[in-house]
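Comments concern the structure below.
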Amino acid sequence: MNKYESLKNKFDKAEKVVGTSMVMFNNTLILEKIAKRDDVDFILFDAEHGVFDAQNIIPSLQVMRLLGIPSIVRAQDSEYYLVAKLIDMGADGIMIPRTESLEQLKTAVDGLLFAPDGRKGMGGVAQMRAGEKYADFPKTRFLLPQIESPEGIKLLPEMLEKYGKYISAVIVGPYDMSVAVGTPCDIKSPEMTSAIQQVFDTCKKYGKSTGIFCDDEELAKKYRKMGANVLWMATDRDYFVRGVNAFLDGVKDI
């Protein structure tokens, strides 16, 4: 079983999935070191808040394809041309930020998949993996909508009923959610804990994988206990800052 099939299997069975992010460093040498870890199921490239777009991301997606590691790209928005272009360039899946309407999901599916499920055009230079058959394409392409508002939480059951077969996992965006529930940047507030738990509970009811961005290991443990199975861990910037501080703390008293 390759890593694409393994990730799909874990999503389908709501088993633990671990991913991480490239946000600030568009550097394939750094990427290769992270991607080679056996315990990393996917790497997300952030085109919403990070440095990536459909052009400069190409080398990173090529490295991921050569290593056989699933790549997820967080698109700037749910627009057909943004989603389809990233799949053309070799992305294996798409994360959609601020999902709070059925129209956003329909647009995402249209850009992600060929007919009859979607309406993606056939022509992307890297849309197919080496040896991949047309019929196998939709089996390991991944859609991860982010729920980041009370509106998204309210509509989530209807999203899962109508588009659940296309959704690989539902992901909470904790910082945007904290603003939406009235406790900006306080992701541990009672309001936030309640909102996060609602998402996890709804996904469990529908047998759907669910997860959240985790700043660190302690939050990952907390969210795992709450019901998350997808632990989207930190960013390249977080690793860099932690490493810098650890090294400098180790020598400051010498």
- Message: Using modelled atom types and a 3.5 Å cut-off, is there a donor and acceptor pairing between side-chain atoms of Lys208 and backbone atoms of Leu160?
- Response: no
- Task: Start with the C-alpha distance between Leu7 and Thr140, add both sets of side-chain angles, then the distance that settles side-chain contact (heavy atoms from CB on, under 4.5 Å), and finish with yes or no.
- Result: CA-CA 8 Å; Leu7 180 57; Thr140 52; over 6 Å; no
- Can you name the closest pair of heavy atoms from Met89 and Leu61 and give their distance? O-CD1, 3.5 Å
- Query: Step by step, would you call Thr235 with Asp238 a side chain to side chain donor-acceptor pair (under 3.5 Å)?
  - Reply: CA-CA 5 Å; Thr235 72; Asp238 296 321; 3.1 Å; yes
- Query: Between Ile153 and Ile212, is there a shared hydrophobic cluster once you connect ILVMFWY residues whose side-chain heavy atoms come closer than 4.5 Å?
  - Reply: yes
- In Å, rounded to the nearest 0.5 Å, how long is the span from CG of Asp92 to CZ of Arg129? 4.5 Å
- Query: Considering all heavy atoms of both residues, which atom of Ala91 and which atom of Ser71 are nearest to each other, and what is their separation?
  - Reply: CA-OG, 3.5 Å
- Supply the atom-to-atom distance Leu112 CG to Phe137 CZ, rounded to the nearest 0.5 angstrom. 6.5 Å
- 4.5 Å side-chain heavy-atom contact, Tyr239 and Thr20: yes
- Message: Under 3.5 Å, is there a donor on one side chain and an acceptor on the other for Glu191 and Thr183?
- Response: no
- Query: Going hydrophobic residue to hydrophobic residue with side-chain gaps under 4.5 angstrom, can you get from Ile69 over to Leu29?
  - Reply: no
- Message: Could you check whether Lys221 pairs with Glu218 (Lys NZ or Arg NE/NH1/NH2 to Asp/Glu carboxylate O, under 4.0 Å)?
- Response: yes
- Message: Please evaluate residues Leu219 and Ile187 with respect to the criterion side-chain contact (heavy atoms from CB on, under 4.5 Å), reporting the C-alpha separation (whole Å), side-chain torsions for both, the decisive distance (0.1 Å), and the verdict.
- Response: CA-CA 10 Å; Leu219 280 173; Ile187 62 172; 3.8 Å; yes
- Task: Measure from the side-chain N and O atoms of Ser6 to the backbone N and O of Asn2, and report whether any donor-acceptor pair falls under 3.5 Å.
- Result: no
- Donor-acceptor contact present, side-chain Lys3 to main-chain Val40, <3.5 Å: yes
- Task: Kindly say whether Asn56 contributes a backbone atom to a donor-acceptor pair with the side chain of Asn26 at under 3.5 angstrom?
- Result: yes
- Item | Neighbour count above 12 (heavy atom, 6.0 Å) for Glu158 CD | no
- Minimum heavy-atom separation for Ala54 to Lys85, with atom names? CB-CG, 3.3 Å
- Item | Pair Arg74-Ser21, side-chain donor/acceptor within less than 3.5 Å | no
- Linking I/L/V/M/F/W/Y whenever their side-chain heavy atoms sit closer than 4.5 Å, directly or via other members, would Val181 and Ile196 fall into one cluster? yes
- Pairwise distance NZ(Lys16) to CG(Asp39) - rounded to 0.5 angstrom: 8.0 Å
- Query: Met159 and Ile147: side-chain contact (heavy atoms from CB on, under 4.5 Å), yes or no, with the steps?
  - Reply: CA-CA 11 Å; Met159 292 181 189; Ile147 300 300; 4.1 Å; yes
- Message: Tell me if a side-chain donor or acceptor on Asp236 pairs with a main-chain N or O of Val23 at a distance below 3.5 Å.
- Response: yes
- Query: Are the charged groups of Lys133 and Asp136 less than 4.0 angstrom apart, N to O?
  - Reply: no
- In Å, rounded to the nearest 0.5 Å, how long is the span from CG of Leu156 to NZ of Lys205? 10.5 Å
- Item | Which atom of Val73 lies closest to which atom of Ala47, heavy atoms considered | CG1-CB, 4.1 Å
- Expected output: side-chain Arg141 to main-chain Ile87 donor-acceptor under 3.5 Å: no
- Query: With side chains defined as the heavy atoms from C-beta onward, is the minimum distance between Tyr175 and Asp215 less than 4.5 Å?
  - Reply: yes
- Atom of Met22, atom of Phe52 and distance for their closest heavy-atom approach: O-CE1, 3.2 Å
- If you look at every heavy atom in Phe200 and Gly211, which pair is closest and at what distance? CE2-O, 3.8 Å
- Task: For residues Tyr134 and Phe114, establish whether the separation of their ring centroids is below 6.0 Å.
- Result: yes
- Query: Shared ILVMFWY cluster between Val170 and Leu231, side chains joined below 4.5 angstrom?
  - Reply: no
- Query: If we only count heavy atoms from C-beta on, is the Glu132 to Tyr4 side-chain gap below 4.5 Å?
  - Reply: no
- Query: Would you find a donor on one side and an acceptor on the other, under 3.5 Å apart, between the side chain of Glu148 and the backbone of Arg98?
  - Reply: yes
- Note on the structure: So side chain to side chain donor-acceptor pair (under 3.5 Å) across residues 107-121, not counting sequence neighbours, yields Asp88-Lys120, Lys106-Asp110, Asp117-Tyr166, Lys120-Gln127
- Task: Working to the nearest 0.5 Å, report the span between CZ of Arg242 and CG of Asn245.
- Result: 10.0 Å
- Item | Reported OG-to-CG distance for the pair Ser78 and Leu143, which is rounded to 0.5 angstrom | 8.5 Å
- Message: Are the side chains of Ser178 and Asp186 in contact, using a 4.5 Å heavy-atom criterion?
- Response: no
- Query: For atom CG of Asp38, is the number of surrounding heavy atoms from other residues, nucleotides or ligands below 6.0 Å larger than 12?
  - Reply: no
- Task: With side-chain contact (heavy atoms from CB on, under 4.5 Å) as the test, would you mind laying out the steps for Phe45 and Met64 before giving the verdict?
- Result: CA-CA 11 Å; Phe45 299 86; Met64 294 292 285; 3.8 Å; yes
- Give a yes or no on whether Leu31 and Leu67 share a hydrophobic cluster (residues Ile, Leu, Val, Met, Phe, Trp, Tyr; joining criterion: side-chain heavy atoms under 4.5 Å apart). yes
- Task: Could you go through the side chain to side chain donor-acceptor pair (under 3.5 Å) check for Asn229 and Ser209 one step at a time?
- Result: CA-CA 6 Å; Asn229 68 288; Ser209 277; 3.0 Å; yes
